[in-house]
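Proteins come first, then strands; the chains are lettered A, B, ... in the order of their sequence lines, and each starts at number 1.
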Number of protein chains: 2
Amino acid sequence: MHPTLLERLQQQRGYRLTAQRRVVAQVLEGENLHLTADEVLSQAEAMLPEISRATVYSTLQQFVDMGQLLELSLDGRSRRYDPNIDPPHHHLICTECDGVFDVAHNVAAPDAGDGLEIESAQIIYRGRCTDCA
Amino acid sequence: MHPTLLERLQQQRGYRLTAQRRVVAQVLEGENLHLTADEVLSQAEAMLPEISRATVYSTLQQFVDMGQLLELSLDGRSRRYDPNIDPPHHHLICTECDGVFDVAHNVAAPDAGDGLEIESAQIIYRGRCTDCA
DNA sequence: CCGTGGTTTGGACTTTGTCCAAAGTCGGAC
DNA sequence: GTCCGACTTTGGACAAAGTCCAAACCACGG
Ligand SMILES: [Mn+2]
Ligand SMILES: [Mn+2]
Ligand SMILES: [Zn+2]
Ligand SMILES: [Zn+2]
């Protein structure tokens, strides 16, 4: 099994793993999970009532900057956070239930034309999930 | 040449093409254009000073619902609007200048596994544009 | 010309995210 | 063990982006 987000954070050096950070990491643990910042906040509050919104936002941003958390902009409303960075995968937004679902990475090699340098590619599929189809 | 957004709107039936709607369509005219709602608003105000923000937002949404305008959620901040629905194409966000650029559609056929029904796929590339590379 | 229904308007409101100064906490130096 | 400095958290103010709504406006058919 791949190491969890919390395990990956524990390996980071020069980084205090505070109660707040642990709680945020715990909330994010799981398969096929794509929570918004406010969803993370309310679940974190259940475990650590005095945690503040600013901390949740800044902690999420730190995890993203450390490369341990993916930030998804799927709908122009709120960003979603995905702890499963490996293996890389894409996402389907169900047009019926609005859910977000992982889709296996089919290695759609970016076309390297035109002199532009592509670093990464993210695919957003729209359609119906297995439950709604 | 492909018909412009305004031309496509004129072919819609049962739909009043008011001054406000014409101005919004005009602002959106052009190649490689990916404006935010507020950018559309300020350019529209230059042509029709009394136009309101609510109208711009609702007009954009109508164009999107009619299938005549693409709505892009590229960065989790503001949505961008793309009048060039044909031919389909994808987008590159330049990590250096933050610009949005069209990328030719390389027909990355969605993998049809798993019983989910894919209607469309949008690819967001990150990298450096031709100017910055 | 009137009535009716679609359209627009301004402003209030909500959601999502950012910023900051003050307070708190941790770990190493002594 | 205590102190210090750096890192972290907090609450609240602020900002950006978008939504909602009642009232006013306008266009068109009858
Ligand atoms: Mn995922
Ligand atoms: Mn485009
Ligand atoms: Zn579904
Ligand atoms: Zn660039």
Please list, chain by chain and in numerical order, all residues satisfying side-chain hydrogen bond (donor to acceptor under 3.5 Å, both in side chains) with [X], sequence neighbours excluded.
X      : result
A/R128 : A/E96, B/E117
A/Q122 : none
A/S52  : A/T55
B/Q61  : B/D65

Please identify each residue that fulfils salt bridge (charged side-chain N to carboxylate O under 4.0 Å, His left out) with A/E29, with sequence neighbours left out.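 Salt bridge (charged side-chain N to carboxylate O under 4.0 Å, His left out) list for A/E29, sorted by chain: empty.
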Terminal axes of the helix from C/dC1-D/dG30 to C/dC30-D/dG1 (five pairs each): angle between them, nearest 10 degrees: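 The end axes of the helix from C/dC1-D/dG30 to C/dC30-D/dG1 are about 10° apart, to the nearest 10°.
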Within this structure, what is the [atom1]-to-[atom2] distance between [X] and [N], rounded to whole angstrom?
X     : N      : atom1 : atom2 : result
B/L41 : D/dT19 : CG    : C1'   : 15 Å
B/R77 : D/dG18 : CZ    : P     : 12 Å
B/L17 : D/dA27 : CG    : C1'   : 14 Å
A/Y15 : D/dA6  : OH    : C1'   : 15 Å
B/R16 : D/dC26 : CZ    : P     : 12 Å

Could you name each residue pair satisfying ring pair (Phe, Tyr, Trp, His ring centres under 6.0 Å) that touches residues 36-89 of chain B, not counting sequence neighbours?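 Qualifying pairs: B/H89-B/H91.
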Can you name the residues that form a side-chain contact (heavy atoms from CB on, under 4.5 Å) with [X], not counting sequence neighbours?
X     : result
A/T36 : A/D38, A/E39, A/S78, A/R80
A/T18 : A/R16, A/Q20, A/R21
A/E31 : A/M1, A/N84

So where does chain A start and stop touching DNA chain C, 5' to 3', when the test is distance under 4.0 Å to a non-hydrogen atom?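 First and last nucleotides in contact are C/dT16 to C/dC26.
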Backbone N or O of A/A37 within a donor-acceptor pair of the A/R79 side chain at under 3.5 Å?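 Side chain of A/R79 to backbone of A/A37, a donor-acceptor pair under 3.5 Å: no, none is there.
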Going by heavy atoms closer than 4.0 Å, what residues in residues 50-73 of chain B are next to DNA chain C?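 Contacting residues: B/E50, B/I51, B/S52, B/R53, B/A54, B/T55.
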To the nearest 0.5 Å, what is the distance between CG on B/D98 and CD1 on B/I93?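 Here the interatomic distance stands at 8.5 Å.
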Nearest heavy atom decides the nucleotide; on that basis, is B/G76 or B/A19 closer to the 5' end of DNA chain C?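 This one resolves to B/A19.
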